[in-house]
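Along the sequence shown, the residues carry numbers beginning at 1.
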Amino acid sequence: MRIKPNRTVLEGEVLRIKRARDGFGAEFLLHVKANLTAGHEDDCCGAHPGETLTLFTAVPEALRKGGSYRIEATVLGGPNGERVVLNKADEID
């Protein structure tokens, strides 16, 4: 369930990828280098350069540890709380 319309665009480096306990998808740790979100109203994370965020991905094979990416993410909520979910990842140099 979407909490409100939200979208965050970040650039950062993947520090770790850990398979989810139930076997579907993975959580990954992103070291934020830049927050490129256009408006503060839509920014669901409010991340600043130097911070580390934990995000969920349904497709962990699309990421690699040590890779730098431009990430689009959304906060989704459910009965067990909320989490930041990867929508799109483009590798950058």
Side-chain angles (χ1 to χ4, degrees):
M1 168 174 43
R2 218 171 241 207
I3 296 175
K4 68 171 192 156
N6 64 70
R7 179 175 164 261
T8 295
V9 180
L10 304 170
E11 286 186 353
E13 178 184 351
V14 174
L15 301 177
R16 178 182 58 176
I17 303 170
K18 182 178 176 186
R19 279 275 189 208
R21 285 180 244 181
D22 64 4
F24 176 75
E27 289 188 339
F28 67 99
L29 209 56
L30 183 75
H31 175 75
V32 178
K33 294 181 181 176
N35 185 335
L36 306 175
T37 308
H40 293 291
E41 304 84 34
D42 295 339
D43 188 358
C44 59
C45 297
H48 298 285
E51 291 183 353
T52 302
L53 292 178
T54 300
L55 295 93
F56 173 81
T57 179
V59 189
E61 56 274 7
L63 302 171
R64 65 178 176 81
K65 182 179 173 184
S68 292
Y69 296 89
R70 177 170 288 125
I71 301 285
E72 290 183 21
T74 302
V75 173
L76 299 179
N80 298 323
E82 62 184 47
R83 65 181 171 184
V84 182
V85 178
L86 175 70
N87 293 335
K88 182 180 177 184
D90 293 317
E91 194 160 11
I92 56 177
D93 295 327

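- Within the structure, the salt bridge (Lys or Arg N to Asp or Glu O under 4.0 Å) test picks out the following pairs touching residues 70-79 (sequence neighbours left out): R7-E72, E11-R70.
- Linking ILVMFWY residues whenever their side-chain heavy atoms come closer than 4.5 Å, directly or via other members, leaves L29 and F56 in distinct clusters.
- Not counting sequence neighbours, the partners of A89 by the side chain to side chain contact (heavy atoms under 4.5 Å, CB included) test are L63, Y69, I71, L86.
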May I have the list of side-chain donor-acceptor pairs in residues 30-37 shorter than 3.5 Å, sequence neighbours left out?
unit_1	atom_1	unit_2	atom_2	d
K33	NZ	S68	OG	3.3
N35	OD1	T37	N	3.0
N35	OD1	T37	OG1	2.8
N35	ND2	D43	OD2	2.9
N35	ND2	A47	O	3.0
T37	OG1	V9	N	3.0

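- Residue pairs meeting the side chain to side chain donor-acceptor pair (under 3.5 Å) criterion with at least one member in residues 46-56, sequence neighbours excluded, do not occur.
- Remark: K18 pairs with no residue by the salt bridge (charged side-chain N to carboxylate O under 4.0 Å, His left out) rule, at least two apart or across chains.
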(request) In sequence, state the C-alpha distance, the side-chain angles, and the governing distance for L53 and L10, and then conclude on side chain to side chain contact (heavy atoms under 4.5 Å, CB included). (result) CA-CA 10 Å; L53 292 178; L10 304 170; 3.6 Å; yes
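- The shortest non-hydrogen separation linking I17 to A26 is CG2-CB, 4.0 Å.
- Applying the salt bridge (Lys or Arg N to Asp or Glu O under 4.0 Å) rule to pairs touching residues 52-66 yields R64-E91, sequence neighbours excluded.
- We find the CZ-CG distance between R83 and L55 to be 10.5 Å, quoted to the nearest 0.5 Å.
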